Each structure stands twice: as C-alpha cells, then as structure tokens.
Chemist: 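Here you go, one structure.
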Amino acid sequence: MGDPVPDAPVLAARGLVREFRGFRAVDGVNLDIAEGSVHALVGPNGAGKTTLFNLLTGFLKPTAGSVRLGPHELAGRSPERIARLGLARSFQITSLFGELTPRQHVELALAGRTGLGWRFWRSDKALGRFADRADELLGEVGLAGHGDVPAGALAYGRKRALELALALALEPKVLLLDEPTAGMGAEDVDRTVELVRRVKAGRTVVLVEHNMSVVSSLADRVTVLQQGRVLAEGPYDRIRDDRRVITAYLGDSHAAR
Amino acid sequence: MILSRLAGRPAPLAVGLAAALVLPWFVYPPVALDIACWALFAAAVDLLLGFTGLLSFGHAAFWGGAAYGSGLIAVHSGLPFPVAILGGAALAAALAVPIGYLSVRLRGIYFAMVTLAFAQMVYFVANQWRDVTGGENGLQGIPRELFGLDLSDPFFFYYAGLPFVLAGFLVAWRIVRSPFGRVLVSIRDNPARARALGYSVERYKLLAFVLSAALSGLAGGLFALGHGFASLQEVYWTTSGQAVMMVVLGGIGTLWGGAVGAALVVELNDYLATAGFQETGIITGAIFIVVVLLFRRGVWGTARALLARRGAPRPEQREPAPSEAGRSAETVQAEG
Ligand SMILES: Nc1ncnc2c1ncn2[C@@H]1O[C@H](COP(=O)(O)OP(=O)(O)O)[C@@H](O)[C@H]1O
Ligand SMILES: [Mg+2]
C-alpha cells in the first residue's frame, strides 16, 4: 500500500457546490483522485459525502463547479452516460430491483454495454449468455448459491454484497462505493475489505466509510469532509492525528486532551 | 423458439386460444370483435402500466388515431383491410414518437396528465378537421376489402380480424419476455439503479411507449373496420380511462389479465345497454371499485396467485422470470 502519486488525477472535481433551497450541502469541494489509488471519503453524518457522490455520478446537477473523468467533462451529462464512461457507483441505501434474482441483476449489469437490452424481439433467455460471468461475480462477493432467490428476500448484508457485485460487473475505471460495509457483521466486513483489495488492481476506488479500521487497511489517501467543505486531506496516518479532524468527529473536548 | 416457450405453459394458452376461437358462438359477433380489440388495447396499456410503470391516460390518441387512419386508408385507397389496419398501427406509432418524447421524462401523475393533454389535442383535431374525419358525424362507411371476399358478416369478420389480435398478443408477450422487457421491469422497479447500470431510462421508456401505441393502434384500427366507422368516441378521454380500467380489473402486470378485464367490461356495457340503461358508467364504475377493493391484483392476478399456491409443492416448475410474477396495484402506484 501507500504510493499516492498525484500525477494527472483520473477523477477531479473543481469548486463543486450543491445547494438545497439555499442550504449548501456541498460547498466548494476540490477533489483529486489519483489513478490506481484507494481514496477514502470520511466525515460525520450530513457532511455531504453522498451528495458529493451524486454530483460526481450525475444524479444531481451541481449548482456550480465541474467534474472531469480522465479526458471527459462530466458536468451536465446524464448518470447513464457517466456510468458508461467508466464511473460506477454503489448506493448507500440498498437499491435493487425487488423482483429480480441476484443473477438477473448481474446479467443486466453485464448486458448494459452490449445493446442486448434493446432487443425486444428476442427471448430473455438471451441474457443467459452472461450467467457464467454473473455467477463468477456473485461468488466473488460471497453470494455463491444465492443467485436464484428474489433479491428482495436476501438478508441485509447480502444485499450490500449484491450492490458491490453490480458495480463490479460494469468493470469501471473508477468505482465509487458509498458505505459498502454499513450494517455488515464483522465477517462480511472482512470479506468486503478483501474484495476491494482484490478488485482495486487496474482501477481506482473511492469509498465513503465510517469504519476506521477499514479505512486504515484500504486507503492510500483520505479526504475529510465537514459541512460540505474539505477539512483535511492526506495519507491515513496524518489524517488520524489531525487535530481538526478529531474535533470534527469527537468535539472540542477530545481535541483539547 | 417463441412457440416452444408458449407451449411450455399449455393450459392457460390453450384455454385462451379456445375461448378466442369460440367467442362469436357465445356472444353477439360484433361484441366478440369488440372484446378482442379491447383485449389487445388493454394488453398494450398494461405493457406500459404493468411492465414499465407508466400510467398513460392518453392512449385514446393511438387507438382513435389509428381508427381514423385505418378508416381513411380503407375509404380512400380500397386496399385490403390488413393494409389499412397495419397502416393505422404505423400511424399510431408515429404519433407516439413526439408525444412520448415530450412525456416520458415526467413521473407518475404528471406523465398521466400530459398524455391526457396530448390526447385531448388529438380529439380537438379530429373534431375540427371535418373534411377528413367527418367531425361529429364520424368517418362513415369504412369498407373492409379482402380480395373480393365478402366480409360484411360480423361473424366472418371476427375470424378475419382475430389473427391480428393474436399476433398483437404474441408481440406483447414477446416484448415482456425479452431482454428489453427485463430492462423495462428494472426501470419500473428502480429507475435510478437502472441508470447507474448505464441504461438510458428515457429512451427505453420511449421505445416501450411507441410499441404500446403501435399495438393500441392495431386494436383501434381493427375496431373501426369492424364497426365500419370511426367516431369521436374513439379519441375521447373516456376511452383511455376504460382501457386503464380493464387493466386494473384484470390485473396490472399480467398481460392476459387485460383480456379478462376487457371481456368483463365490454360484456357488461353491452348487457346494460340492451337492458336499456343509460348511465352504464355508474355501474361499471361501482363494479370497478368493488373489484379493486376486494382483489388488489385484479381478477386474473388473484386467480393466478391462487393457482400458484395450489401448485406450490413443485417450486422448480416456477420460472423466476420477473415479468411473470403477479404485481399488486399498490406496487405500481408506489413506483409512480
Ligand atoms: N435532496 C435533498 N434535499 C435537501 N437536503 C438534502 C438532500 N440531500 C441531502 N441533503 C442534505 O445535505 C446534507 C448532506 O447530506 P449527505 O450528502 O447525505 O451527507 P452524508 O452522506 O455525508 O451523511 C444533509 O444535511 C442533508 O440533509
Ligand atoms: Mg451518506
């Protein structure tokens, strides 16, 4: 771990602002994500992390500012276009298609690039050509053997794992994970950390994470967000000891000690 | 391949086909054709409501637009009636492109209202453009020509028209069981997630809208040729409402349920009309409310759920295909 070489960033935000009826949820954020790094985004609840993800992925339009993914300017593009450009995300709140099975979920994710989804004259069995790859991905996230139940019936941790499998199926250049381990048991957390470690080869990962042991074991760099602004940024060890960060998380009394 | 999959569920299919074939022996033949046309119309509306999550309140524009279109082709060209019907369907599809383009971005009730507004514009045009449409008199004397065959008897015309209805159902069934149908269901269930997977939600909705309009047009054109005239009633908003009502009665997201709903509503309207009732809307409306309150999944959806429970000991027989699973009215409303 730990070669945070900030040459040309693969993903860069400049002066990002998002207002909700006058309230600035994201307030002038600059962010550089180095290619091949794992970049953690931390900060108290309500700091604007999810809003920032929504701005990066086109689900929200910025009030001001710009986002670049490699050579592409993303501002004003639709979420689906941004996804196809190689920026994939998972959702903080589990977001699935209730009736479909996990395998069907992943098949859809894999089919997205092929145009098969337009073939209204073909049998849906044609999606079965992705079944093997889908099962492989389900196996990777620990869902082997759970491919055929309705996704709505999966236990919470397994739904989170499926979220991850969907993002991975897109084979993105940059993967944004919004609290991938939230609500998981220790075992699932360990597997998710292992998984992210494996999949980060050849791609860039940005993750929102509250679990500091996950952050410390995965992240090359950490950005701390507070009230919509970047409070601090640097390698984990430096951030951990940053007085302002401790204050933001625990309050003044702790920082004073 | 299509046939082998259809044959995989022989019982309901055979029953449906048999019912369609013997229908004019049991009901007055013109009413039988009405049922068949409305059944296809309802299936087309269900394609949007049940499988895409879009409640259109303007499908009269496509049913009625095609009724006039088919009628005009038949009146002015003298071409065989299948050409007139398919021409009407093509016209409906073409009309759906701009209407769909401007409305599929909207959600829930806004989509319903905007489609309604467009349909009212079509109504306005049909009413004003007297030289072409006949205005309030309707377009009269639509011939049905097929290489000199005498199709004036409604009994025979039912069998001449039935293949188009069956083909329409086959197309609708194929669409919901296609990769495209799978994407539609995912959009219905969770549009944001579908976008995150790279699917252009609006474009998919637009294609679904156009396909649905084409099938509605097929039904409407056949309806006009069956009656020999196209009237303003065909583009009136109550026609849109009646199609939605049939779908809800039969069961949203079941496709075949629309046919059951159509049979119930058309038969009931016919019965009440012959019994001398003026305000049939009150009665059908009341029955509608009762059915919706008692059977959330509609007649067909409820029946199928009961059958599925009986057949439950053999779960491996149940395909996990999404388009198959019964959907309650609440789910769709929540999505909108
Ligand atoms: N759609 C919205 N409308 C209004 N306020 C919002 C909306 N989304 C987020 N917010 C507000 O923006 C702030 C940041 O929220 P969020 O980005 O979800 O924080 P985080 O993910 O860091 O916990 C919160 O105060 C939240 O209430
Ligand atoms: Mg959040």
Side-chain angles (χ1 to χ4, degrees), chain A residues 53-54 57-59 78-91 93-130 147-152 163 166-167 169-170 172 176, chain B residues 1-6 8 47 51 53 105 170-204 206-208 210-212 214 253 315-316 318-328 331 334-335:
Chain A
F53 266 23
N54 284 332
T57 51
F59 279 86
S78 66
E80 53 266 33
R81 187 87 175 82
I82 292 173
R84 289 199 295 266
L85 285 173
L87 183 57
R89 67 173 297 179
S90 73
F91 288 80
I93 296 167
T94 306
S95 174
L96 299 169
F97 312 118
E99 272 179 13
L100 302 193
T101 67
R103 183 180 299 114
Q104 289 173 331
H105 274 81
V106 183
E107 283 171 1
L108 266 185
L110 292 166
R113 270 163 294 165
T114 64
L116 183 62
W118 289 107
R119 311 274 157 83
F120 61 82
W121 58 91
R122 292 197 58 179
S123 165
D124 56 12
K125 284 182 177 170
L127 287 163
R129 79 163 83 134
F130 301 108
D148 287 321
V149 294
E163 280 276 330
L166 289 180
L170 301 176
L176 306 189
Chain B
M1 191 164 60
I2 288 180
L3 287 177
S4 72
R5 277 190 84 187
L6 275 172
L47 193 61
F51 296 92
R105 273 146 231 286
L170 193 66
V171 168
W173 178 87
R174 169 39 87 218
I175 291 170
V176 298
R177 295 292 207 90
S178 71
F180 177 70
R182 186 77 61 81
V183 175
L184 290 187
V185 167
S186 74
I187 288 172
R188 175 197 72 192
D189 286 353
N190 193 337
R193 173 43 104 180
R195 276 183 219 284
L197 297 184
Y199 288 102
S200 311
V201 168
E202 276 79 26
R203 286 193 214 169
Y204 275 86
L206 178 58
L207 179 56
V210 171
L211 290 170
S212 166
E316 70 277 7
R318 294 195 56 204
E319 277 183 75
S323 43
E324 253 297 295
R327 284 173 54 77
S328 59
T331 339
E335 159 63 17

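Just so it is clear, the structure is predicted and the values come from calculations on it, not from any experiment.
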Chemist: Any salt bridge linking A:E80 with B:R203? Criterion: basic side-chain nitrogen under 4.0 Å from a carboxylate oxygen.
Modeler: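 No salt bridge links A:E80 with B:R203.
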Chemist: Rounded to the nearest 0.5 Å, what separation is found between the CG atom of B:D189 and the CG atom of A:L96?
Modeler: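 B:D189 CG to A:L96 CG: 10.5 Å, rounded to 0.5 Å.
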Chemist: Under a 3.5 Å cutoff, is there a donor and acceptor pairing between the side chains of B:S178 and A:D124?
Modeler: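 Result is no, nothing qualifies.
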Chemist: Looking at OG of A:S123 and CZ of B:R174, how far apart are the two atoms once the value is rounded to the nearest 0.5 Å?
Modeler: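 One gets 4.5 Å once the value is rounded to the nearest 0.5 Å.
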Chemist: Considering non-hydrogen atoms only, spot the tightest contact between A:G117 and B:V183 and give its length.
Modeler: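 Of all heavy-atom pairs spanning A:G117 and B:V183, the closest is CA-CG2, 3.9 Å.
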Chemist: Heavy-atom distance under 4.5 Å to chain B: side chain of A:L116, backbone, both or neither?
Modeler: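 A:L116 touches chain B through backbone and side-chain heavy atoms alike.
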Chemist: Please classify the contact between B:V171 and chain A as side chain, backbone, both or neither, with a heavy-atom cut-off of under 4.5 Å.
Modeler: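 No part of it gets close to chain A.
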Chemist: Please look at B:A208 and chain A and tell me whether the side chain, the backbone, both or neither of the residue comes under 4.5 angstrom of a heavy atom of that chain.
Modeler: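 For B:A208, there is no contact with chain A at all, as no heavy atom is under 4.5 Å.
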Chemist: Could you work out, with side chain to side chain donor-acceptor pair (under 3.5 Å) as the rule, every residue matching A:R84, not counting sequence neighbours?
Modeler: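 A:R84: side chain to side chain donor-acceptor pair (under 3.5 Å) contacts with B:S200.
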Chemist: Under 3.5 Å, side chain of B:Y199 to main-chain N/O of A:A109, donor-acceptor pair present?
Modeler: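 No.
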Chemist: For A:L127 and B:P179, which heavy atoms make the closest approach, and how far apart are they?
Modeler: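 Taking every non-hydrogen atom into account, CD1-CA, 4.0 Å.
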Chemist: Could you check if a side-chain atom of A:F91 sits within less than 4.5 angstrom of a side-chain atom of B:N190, using non-hydrogen atoms only?
Modeler: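 SC-SC contact between A:F91 and B:N190 ruled out.
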Chemist: With a 4.5 angstrom heavy-atom cut-off, could you sort out which part of B:I175 is near chain A: side chain, backbone, both or neither?
Modeler: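 Contact with chain A: backbone and side chain both.
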Chemist: Measure across B:S186 and A:L108 and return the closest heavy-atom pair with its distance rounded to 0.1 Å.
Modeler: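 In this case the closest contact between B:S186 and A:L108 is CB-CD1, 3.5 Å.
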Chemist: Would a 4.5 Å heavy-atom cut-off, applied to side chains only, mark A:E107 and B:R182 as touching?
Modeler: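 Yes, close enough: below the 4.5 Å cut-off.
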Chemist: Passes side-chain contact (heavy atoms from CB on, under 4.5 Å), B:R177 versus A:R122? Steps please.
Modeler: CA-CA 8 Å; B:R177 295 292 207 90; A:R122 292 197 58 179; over 6 Å; no
Chemist: Name all residues meeting the salt bridge (Lys or Arg N to Asp or Glu O under 4.0 Å) criterion together with A:R113; count only those two or more places apart in sequence or in a different chain, and write none if there are none.
Modeler: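 If we apply the salt bridge (Lys or Arg N to Asp or Glu O under 4.0 Å) test to A:R113, skipping adjacent residues, the hits are A:E171.
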Chemist: Hey, what do you get for CZ (A:F120) to CG (B:L207), rounding to the nearest 0.5 Å?
Modeler: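 Rounded to the nearest 0.5 Å, the CZ-CG separation comes out at 5.5 Å.
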Chemist: Look at the aromatic rings of B:F180 and A:W118 and report parallel, tilted or perpendicular, splitting at 30° and 60°.
Modeler: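 It falls in the parallel class, under 30°.
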Chemist: For B:L184, is it the side chain, the backbone, both or neither that has a heavy atom under 4.5 Å from a heavy atom of chain A?
Modeler: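 Neither the backbone nor the side chain of B:L184 comes within 4.5 Å of chain A.
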Chemist: Could you tell me which portion of A:S95 (side chain, backbone, both or neither) has an atom closer than 4.5 angstrom to a non-hydrogen atom of chain B?
Modeler: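 A:S95 touches chain B through backbone and side-chain heavy atoms alike.
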Chemist: Any heavy-atom pair between the side chains of B:R188 and A:E99 that's under 4.5 Å?
Modeler: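 Counting from C-beta outward, A:E99 and B:R188 do come under 4.5 Å.
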